[in-house]
Amino acid sequence: MSDCLFCKIAKGEIPSNKVYEDEVCYAFYDIDPQAPVHFLVIPKMHLASVAEVTADNAAVAGHMMAVISKVAKQMGMVSYRVVSNIGEQAGQSVPHLHFHVLGGRDMTWPPG
Ligand code: 5GP
Ligand code: ZN
């Protein structure tokens, strides 16, 4: 999607601090970190949110989970949180599917 911020980041048209990249997804540090470690994993294809994950594209979301697991291990993270906000009420501000990966501090539950 040409006017999508995260599509532009995935294509390298907007600079970001890369964590990981392959043919399916891209991971980069959040510009406004909410924990000592806070990166985002996004698909290279445009999906607006988890709400657009279907049986036809579920392999992309599954691959992103495997990447989160691999990268977190490489970073030495043993306890961390994976979050995806869907829609305005949940706090989604960028309408391109992304998983937040947060770690390095104590977390509380429930989230706000
Ligand atoms: P959401 O609010 O949609 O769940 O998460 C969007 C996230 O993207 C926020 O945590 C925000 O800080 C991050 N973000 C927004 N714009 C940029 C940007 O241009 N670069 C980076 N690295 N992160 C961004
Ligand atoms: Zn997009």
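One-based numbering, in listed order, for ligands and for the atoms of each.
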**Q** Of the backbone atoms (N, CA, C, O) and the side-chain heavy atoms from C-beta on, which set of I14 has a member under 4.0 Å from an atom of ligand 1: side chain, backbone, both, or neither?
**A** neither

**Q** Heavy-atom pairs closer than 4.0 Å: do any link ligand 1 to the side chain of N17, the backbone, both, or neither?
**A** neither

**Q** With heavy atoms only and a cut-off of under 4.0 Å, state how F28 meets ligand 1: side chain, backbone, both or neither.
**A** side chain

**Q** Quick one: look up the protein heavy atom nearest atom 22 (N) of ligand 1 and list residue, atom name and how far away it is.
**A** Y29 O, 2.9 Å

**Q** Nearest protein heavy atom to atom 11 (C) of ligand 1, by residue and atom, and its distance?
**A** D30 OD1, 3.4 Å

**Q** Just by modelled atom types, is the P43 backbone N or O under 3.5 Å from a matching donor or acceptor in the H96 side chain?
**A** yes

**Q** Test of understanding: given a 4.0 Å heavy-atom threshold, classify the contact between F99 and ligand 1 as side chain, backbone, both, or neither.
**A** neither

**Q** Does A48 offer a backbone N or O that forms a donor-acceptor pair with the side chain of Q92 under 3.5 Å?
**A** yes

**Q** Among protein heavy atoms, which sits nearest to atom 2 (O) of ligand 1, and what does the distance come to when rounded to 0.1 Å?
**A** S93 OG, 2.6 Å

**Q** Looking only at protein heavy atoms, which one is nearest to atom 1 (P) of ligand 1, and how far off is it?
**A** H98 NE2, 3.1 Å

**Q** Looking only at atom types and distance, does a side-chain atom of N85 sit under 3.5 Å from a main-chain N or O of H100, one as donor and one as acceptor?
**A** no

**Q** Is there side-chain contact between F28 and I42, with heavy atoms separated by less than 4.5 Å?
**A** yes

**Q** If you count the atoms of ligand 1 from 1 in the order shown, which ones are under 4.0 Å from a heavy atom of D32?
**A** 12 (O)

**Q** Please find the pair of heavy atoms, one from H38 and one from P33, that lie closest to each other, and give the distance.
**A** ND1-CA, 3.5 Å

**Q** Step through the shown structure and confirm whether more than 12 heavy atoms of other residues, nucleotides or ligands are within 6.0 Å of CD on Q89.
**A** no

**Q** I need the contact type for L40 against ligand 1. Using non-hydrogen atoms and a strict under-4.0 Å cut-off, is it side chain, backbone, both or neither?
**A** side chain

**Q** Tell me if the centroids of the rings in Y80 and F39 come within less than 6.0 Å of each other.
**A** no

**Q** Can you pull out the closest protein heavy atom to atom 14 (N) of ligand 1? Residue, atom name and distance to 0.1 Å, please.
**A** I31 CG2, 3.8 Å

**Q** Step through the shown structure and confirm whether more than 12 heavy atoms of other residues, nucleotides or ligands are within 6.0 Å of CD on Q74.
**A** yes

**Q** Return the number of protein N, O or S atoms with a distance to the Zn ion (ligand 2) smaller than 2.8 Å.
**A** 4

**Q** Do other residues, nucleotides or ligands put more than 12 heavy atoms under 6.0 Å from K11 NZ?
**A** yes

**Q** Side chain, backbone, both or neither: which part of N85 has a heavy atom under 4.0 Å from ligand 1?
**A** side chain

**Q** Which of the atoms of ligand 1 are close to H100, meaning less than 4.0 Å from one of its heavy atoms?
**A** 1 (P), 4 (O), 5 (O), 7 (C), 10 (O)

**Q** Looking only at non-hydrogen atoms, find the nearest pair between M107 and A35 and report the distance.
**A** CE-CB, 4.5 Å

**Q** Is a donor on one side and an acceptor on the other found under 3.5 Å between the side chain of S84 and the backbone of H98?
**A** yes

**Q** I need the minimum non-hydrogen distance between V19 and M75, along with the two atoms involved.
**A** CG1-CE, 3.6 Å

**Q** With a 4.0 Å cut-off on heavy atoms, does S16 reach ligand 1?
**A** no

**Q** How far is atom 16 (N) of ligand 1 from its nearest protein heavy atom, and which residue and atom is that?
**A** L5 CD2, 3.4 Å

**Q** For Q34, which part has a heavy atom under 4.0 Å from ligand 1: side chain, backbone, both, or neither?
**A** neither

**Q** Below the 3.5 angstrom mark, is there an N/O of F6, backbone or side chain, next to an N/O of ligand 1?
**A** no

**Q** So does Y26 get a backbone contact from the side chain of K18, meaning a donor-acceptor N/O pair under 3.5 Å?
**A** no

**Q** So is G91 polar-close to ligand 1, meaning N/O to N/O under 3.5 Å?
**A** yes

**Q** Should F6 and L97 be marked as a side chain to side chain contact (heavy atoms under 4.5 Å, CB included) after you check the CA-CA gap, both sets of side-chain angles, and the distance that decides it?
**A** CA-CA 9 Å; F6 283 0; L97 172 63; over 6 Å; no

**Q** What are the two closest non-hydrogen atoms of M65 and V82, and how far apart are they?
**A** CE-CG1, 4.4 Å

